[in-house]
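Structure, as structure tokens:
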Protein chains: 2
Amino acid sequence: MELRQLKYFLKAKELLNFTEAAAALYISQSTLSQQIKQLEDELQVPLFNRIGKRITLTEAGDLFAVYAQQSINKAADGLELLKDLNNLETGKVAIGVTYALRHVVIKALILFSSEYPKIQFEIIFGTSQELIQKLNHFQLDVILTFEEIASEAHFKYLELFTSPMALVTSSETSLKNKKTISLEEISTLPLAMPAGGFSTTQFISKAFEKSNLYPKITIEINDIPTLLELIKTGKWHTILTKTTIENEKDLHAIPIKGKNMTRTAMLISLKEVYEKKAVTAFLKILIANLK
Amino acid sequence: MELRQLKYFLKAKELLNFTEAAAALYISQSTLSQQIKQLEDELQVPLFNRIGKRITLTEAGDLFAVYAQQSINKAADGLELLKDLNNLETGKVAIGVTYALRHVVIKALILFSSEYPKIQFEIIFGTSQELIQKLNHFQLDVILTFEEIASEAHFKYLELFTSPMALVTSSETSLKNKKTISLEEISTLPLAMPAGGFSTTQFISKAFEKSNLYPKITIEINDIPTLLELIKTGKWHTILTKTTIENEKDLHAIPIKGKNMTRTAMLISLKEVYEKKAVTAFLKILIANLK
DNA sequence: AAAATCAATCGACAAAACCGATTTAGAAAT
DNA sequence: ATTTCTAAATCGGTTTTGTCGATTGATTTT
């Protein structure tokens, strides 16, 4: 039993005339005759009565037609769904982001959703390690984070932009007028830092080590919005990429002096996995609206 | 898109391993690989991610699988239904009967239903002409009546038994002891007869004509049970086949003298129409229980 | 580094889908 | 009744395609 045969059968049932049905199906009458016969053989019951040159449906044919039609419909529905998927009328996108790049995703998300309102999103915030693990388990389509120390062969990387590391302070700070600041100066200030899992923290720790400096980290916290609240009190300072506080009015970023004191934002995805149409479209919008 | 390909796809989806799936399907790995590829080409979207030697489902594959399964299920359901039809677990039978043969059908119906309780029946009483017309319009599977004057080529006839024409009277009749009776004697009696549409009435009218006799028909009625009620009063007599009053205790049948004063009960069906399994089985029981 | 595993690909073959022509037989027209 | 017309079945031959075995290329395991 094949869908082809079911389609032939239904057309013959509709027209109750093999010759016409064959014409409507763009096949020869002999082919139709043979295919119907083959189907009947498989079903072990005639679908049509052959009364002289006329044909009528048998009880079996009548009952079977319902299922034949449903079978065809289901297959057609599946095809239709995939078309929708290609036209971005359906589908789910899962994106991982490090908090620092929050505003980049939010902006793209708003733009994308107004154009393709039917696509569902799952936005996962987490540390780079957490996100990479999820990517490897096919739980995310793409992640947005800063460059990794070790790059992996089965990942596809796309650089987005670079952002300087910066001392982040309250807007009311005495450091306000400084254009840049050195690690040494920072090491005298009271710091509140993101927890160890955050790649920025790891990055800056290494920088302090190299310079033989010991920063005064009095608070470690794994929630960035809370961290920013603390900084706004003016009692602590922190170190983040400048882009992290893009839209924060009450905070001020002073770039840090020295080589390599920048980080590169990247898109990371799995190399050999089919990229969903919706993901491709989303990333296109994201990249086009970076500045 | 063919059911074959959908089955292949689902097995591959289930095992996530083309080699094993091919083995489970009793086809070669190369065939499976090609058929999946062909399906993907038609759907214009990959169903699997090929990550090195491993495969995983794509979003499209995941979504499509639901419909593929449903399509296959519907086809299988259709097949299942036809099997039930063959096993007499489902199906409808429409039978036409002339009233005279009522008891034959009732008996068979009771026996058949206890053996195959799921088969539905439609029992249509009517005159021979009415029933034959319905048979020609495929509204009946088979009819049970007396032999027709004109036999038609596209009918299949099966003789069941013969029954003498008889004068039917109340049991309380003075004619009680007669073994037979002549048309001439009958023509002196007050008669209530079935209406002209009934074949028995037509048959007996011709017999009177031939003998140049004029029966005293005072009532014509097109409902046999009512006719029988009238006869039971003893005020009228009627002429029917003896078999008509098989189970009537208060009535008495006196066979009519003369040649050809018998009628033959017959099964009539359409020659070239597939006979439903249920009909075949029903007729077998009917024939086996005639006496 | 070697062996094993797995999907993709290639060429060959067989099955089957398909067609055109013919046959058969019922229906319609003469 | 006879002829004509029409529709389904059937027959051979052609083309398509489903299938296989062998091989390749790439990845994982040993």
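Quick note on labels: first sequence line is chain A, next is B, and so on, each numbered from 1.
Exactly one residue among A/Leu81, A/Leu82, A/Leu79 makes a side chain to side chain contact (heavy atoms under 4.5 Å, CB included) with B/Tyr67. That residue is A/Leu81. Put simply, the residue from A/Leu158, A/Thr98, A/Leu101 that forms a side chain to side chain contact (heavy atoms under 4.5 Å, CB included) with A/Leu144 is A/Leu101.
Aromatic rings of B/Tyr116 and B/Phe282 (six-membered ring for Trp) have centroids beyond the 6.0 Å cut-off, not under it.
Note on B/Gln35: only backbone sugar-phosphate atoms sit closer than 4.0 angstrom, heavy atoms only; bases stay farther off. Nucleic acid contact class of A/Gln38 (heavy atoms, under 4.0 Å, all strands): sugar-phosphate only.
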Exercise for review: Let me see the working for B/Leu267 and B/Tyr157 under side-chain contact (heavy atoms from CB on, under 4.5 Å), right down to the final yes or no.
Suggested key: CA-CA 6 Å; B/Leu267 281 171; B/Tyr157 296 91; over 6 Å; no
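Residues from residues 1-27 of chain B lying near DNA chain C, meaning a heavy-atom separation below 4.0 Å, are B/Asn17, B/Phe18, B/Thr19 in numerical order.
In this model, a donor atom of one side chain and an acceptor atom of the other lie less than 3.5 Å apart for B/Glu275 and B/Thr280.
Extent of DNA chain C lying under 4.0 Å from chain A heavy atoms, first and last nucleotide in 5' to 3' order, is C/dA17 to C/dA27. Contact footprint of chain A on DNA chain D: nucleotides with an atom under 4.0 Å from a non-hydrogen protein atom, first to last in 5' to 3' order, D/dT6 to D/dC11.
Residues A/Gln34 and B/Ser33 both approach DNA chain C. Their nearest nucleotides, taken by heavy-atom distance, put B/Ser33 toward the 5′ side.
A cation-pi arrangement is present between A/Arg263 and A/Phe203, with the terminal nitrogen or guanidinium carbon under 6.0 Å from the aromatic centre and inside a 45° cone about the axis.
For A/Gln139, the CD atom is densely surrounded, since the number of other residues' heavy atoms within 6.0 Å is greater than 12.
Considering every non-hydrogen atom in both A/Thr145 and A/Ser128, the closest pair reads OG1-OG, 2.7 Å. Residues A/Gly196 and A/Thr201 share a closest heavy-atom pair of CA-CG2, 4.4 Å.
A heavy-atom distance below 4.5 Å is not found between the side chains of B/Phe161 and B/Thr264.
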